[in-house]
A.B. asks: 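One structure is given below, represented as structure tokens, and several questions about it will come after.
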There are 2 protein chains.
Amino acid sequence: MAKRSHAHHQIQTSSPSESKRDILRSAQRVLAILELIARTPGGLTVRAVSKLLQLNISTCYHSLNTLLTAGYVERLPSGHYVLGPQIPYLNDAYLRTLTYDWPATDPQESWRAVARVPAHQPSLSQRLRPILHSLSERSQEPAYLAGWRYGEVELQAIVEPAHAERIPGIYIGYRGHAHAHALGKVLLAYSPPAFVEDYLARHTLIRLTQRTIVERTLLCEELHTIAHQGYSIDREELHADTACLAAPVRDAQGRVMAAIAISFRSDLLSRRGEWLTAQVLRAARQASAELRLSRPCEQC
Amino acid sequence: MAKRSHAHHQIQTSSPSESKRDILRSAQRVLAILELIARTPGGLTVRAVSKLLQLNISTCYHSLNTLLTAGYVERLPSGHYVLGPQIPYLNDAYLRTLTYDWPATDPQESWRAVARVPAHQPSLSQRLRPILHSLSERSQEPAYLAGWRYGEVELQAIVEPAHAERIPGIYIGYRGHAHAHALGKVLLAYSPPAFVEDYLARHTLIRLTQRTIVERTLLCEELHTIAHQGYSIDREELHADTACLAAPVRDAQGRVMAAIAISFRSDLLSRRGEWLTAQVLRAARQASAELRLSRPCEQC
DNA sequence: AGACAGTATTTCAAATAATGAAATTGCAAT
DNA sequence: ATTGCAATTTCATTATTTGAAATACTGTCT
């Protein structure tokens, strides 16, 4: 663990806060710059990056050149740097890895177990997309599919109707805040208690809106309710004005390994809540049936 | 331009092939590793990266640690590294930059001109998505929207029907091979000759299938035909078995600044070609009408 | 059960590449 | 033309990265 025992007479690190080991610092800086640019819609000039990250302008210049040459950023004629074409290219590759069915059986196991990449089976999201599509079509709201990935809830597919507004800040590959949305809550509700324990130990229940459940005991109660009623509701817990409904999808062995949801303006909940719930439950049942059809052969 | 005049007694660069200037080499290596991992579906171990890139295993170890800490890669329990959650996060940010209408008036100008980021107007793809949606719905084939970005044709929206197969290797943000697909050809066909000249000077007409147009004169003829008939056809020029139809979208000033297309199995071309063409032309006309409605106010 | 084989991780001094202050260049507005 | 501001370039200094080798780890085969 790189004890750094040999007492150099030099100052250990220029900025004492970052005492990470086994990290290439210049590379880390370059990645930090990339992230900063991603956070700034209009792009940033060399100088702006230098000021914001407290780095020498020369360093930023060289870092940006490196990113530019590799296509990770692009230089507008104004001198502003924005994200470049390499980003969607990498994302395409990332989505292709979703293409492989991950085992995701018992969440606790799958989290630690090898995510052994199976052969070129159609992915879960590919198989279930027609179901999401008709759910979205009928409800005229965006439909979502989520599953487990390394112990986190990951959004794996979105199907939007013609005039849709998906929840801002949500995208395919999004993980986290499982306590604050319907998909996460329903997946947790059907997980073994030991896994929920572990999940709660690893995460803080961050408050995102007034209604986010941030009390551990309240969340556990909520999970019990969900497991009992068979679906979950997010009443503006993730995003103000938006509500979600989610229901579990079971594999051939009956284990919950994914969830289907829709999102909609929260004021629709009182008027259309029951009907929407029925639609989501129906889609989830269809999905489970689809997975029951051709079980992935265990030993071939 | 870094003349490197001072004659060091050291060897200039360890690997003589990469003689890039103003580049941070360790950062460049880290980005190269990321790209390699993106190209490898099942992921790579430290050792594999080391062998493939001819780098010391220790270097790869540290580089991967850097990427891992920043979330660009993930370590499977097997020791294989795959792309991590930071990739879709950055992609989400990239797509948001598409959200801003880029000027893209005259391709040649817009390519060099400042892509001044306007206020939070709904993006082109947002405004035209309902049109793409109904095109996809009617034709039961994937629908596409493309526009100019820094002198390149960029795919900006895809709407897929329930049972769709988009062209493999195509994704939102994809640029390039404009000579080989219907969207690119139609956009080039309506560009000023000087810009086409410039485009051809900057690109090689790479052969992607047997039918790709790789002859400069043939392509120019094709562009003339397209401009005359008002739409373009890709007959397995980008991808075998797949055909595309594209038509131009005009802004309020009547300039072609985007294109709408659909893709389908090429054997449908003879049977349904005419009907599909009519659908695409109709969608493109609707799109132009939509843009005519609320012209972006020039000085507000 | 034990040894083996193949990897991953750690070590540490040498060698190199990154840094940062300052000079220079480029551009746009006056 | 002149000025002012920001982007590049320079180059010596210094910290960081590298790479060979030692060590720890993991799973497999006999």
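All of these numbers come straight from a predicted model, not from anything done at the bench. Throughout, protein chains are lettered first and strands after them, A, B, ... in sequence-line order, and every chain is numbered starting at 1.
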A.B. asks: When you measure from the side chain of A:S26, which nucleotide among D:dA7, D:dT9, D:dT17 comes out closest?
C.D. replies: D:dT17
A.B. asks: Answer yes or no: is there a donor N or O on one side and an acceptor on the other, between the side chain of A:S50 and the main chain of A:V46, under 3.5 Å?
C.D. replies: no
A.B. asks: Quick one: is B:T45 getting a side-chain N or O under 4.0 Å of the C:dA8 phosphate, OP1 or OP2?
C.D. replies: yes
A.B. asks: Give the nucleotide from the list C:dT9, D:dT8, C:dA21 with an atom nearest to the side chain of A:Y61.
C.D. replies: D:dT8
A.B. asks: B:N56 CG to C:dT7 P: how many Å, rounded?
C.D. replies: 16 Å
A.B. asks: Under 4.0 angstrom, heavy atoms only, what part of the nucleic acid is A:T59 near: base, sugar-phosphate, or nothing?
C.D. replies: sugar-phosphate
A.B. asks: Could you give the CD1-to-P distance, from B:I57 to D:dT17, as a whole number of Å?
C.D. replies: 19 Å
A.B. asks: We want to know whether A:E152 and A:H203 form a side-chain donor-acceptor pair, criterion being a heavy-atom distance below 3.5 angstrom.
C.D. replies: yes
A.B. asks: Within the pair B:R75 and C:dT9, is there a side-chain N or O less than 4.0 Å away from OP1 or OP2?
C.D. replies: yes
A.B. asks: Specify whether B:Y171 and B:Y174 have parallel, tilted or perpendicular ring planes, treating 30° as the upper limit for parallel and 60° as the lower limit for perpendicular.
C.D. replies: perpendicular
A.B. asks: Check the distance between D:dT16's C1' and A:L55's CG and give it to me in whole angstrom.
C.D. replies: 15 Å
A.B. asks: Given C:dG20, C:dT7, C:dT9, which nucleotide is nearest the side-chain atoms of B:R47?
C.D. replies: C:dT7
A.B. asks: Can you classify the ring geometry of A:H177 versus A:H179 as parallel (below 30°), tilted (30 to 60°) or perpendicular (above 60°)?
C.D. replies: perpendicular
A.B. asks: Please pick, from D:dT9, D:dT17, C:dT9, the nucleotide with the shortest atom-to-atom distance to any side-chain atom of B:Y81.
C.D. replies: C:dT9
A.B. asks: Taking for each residue the nucleotide of DNA chain D with the nearest heavy atom, is it A:K51 or B:S63 whose nucleotide lies nearer the 5' end?
C.D. replies: A:K51
A.B. asks: Output the rounded distance in Å from CG (B:D22) to P (D:dC11).
C.D. replies: 13 Å
A.B. asks: In sequence, state the C-alpha distance, the side-chain angles, and the governing distance for B:E74 and A:R175, and then conclude on salt bridge (charged side-chain N to carboxylate O under 4.0 Å, His left out).
C.D. replies: CA-CA 13 Å; B:E74 216 152 26; A:R175 309 182 191 178; 2.5 Å; yes
A.B. asks: To the nearest Å, how far apart are A:Q54 CD and C:dA21 P?
C.D. replies: 13 Å
A.B. asks: Between C1' on D:dT16 and NE2 on A:H62, what's the gap in Å once rounded to a whole number?
C.D. replies: 16 Å
A.B. asks: Among the candidates D:dT8, C:dA18, C:dA8, find the nucleotide nearest to the side-chain atoms of A:V46.
C.D. replies: D:dT8
A.B. asks: Can you tell me the distance, in whole Å, between the CG atom of A:N65 and the P atom of D:dT10?
C.D. replies: 13 Å
A.B. asks: If I take atom CG in residue A:L24 and atom C1' in nucleotide D:dG19, what distance separates them, rounded to the nearest angstrom?
C.D. replies: 13 Å
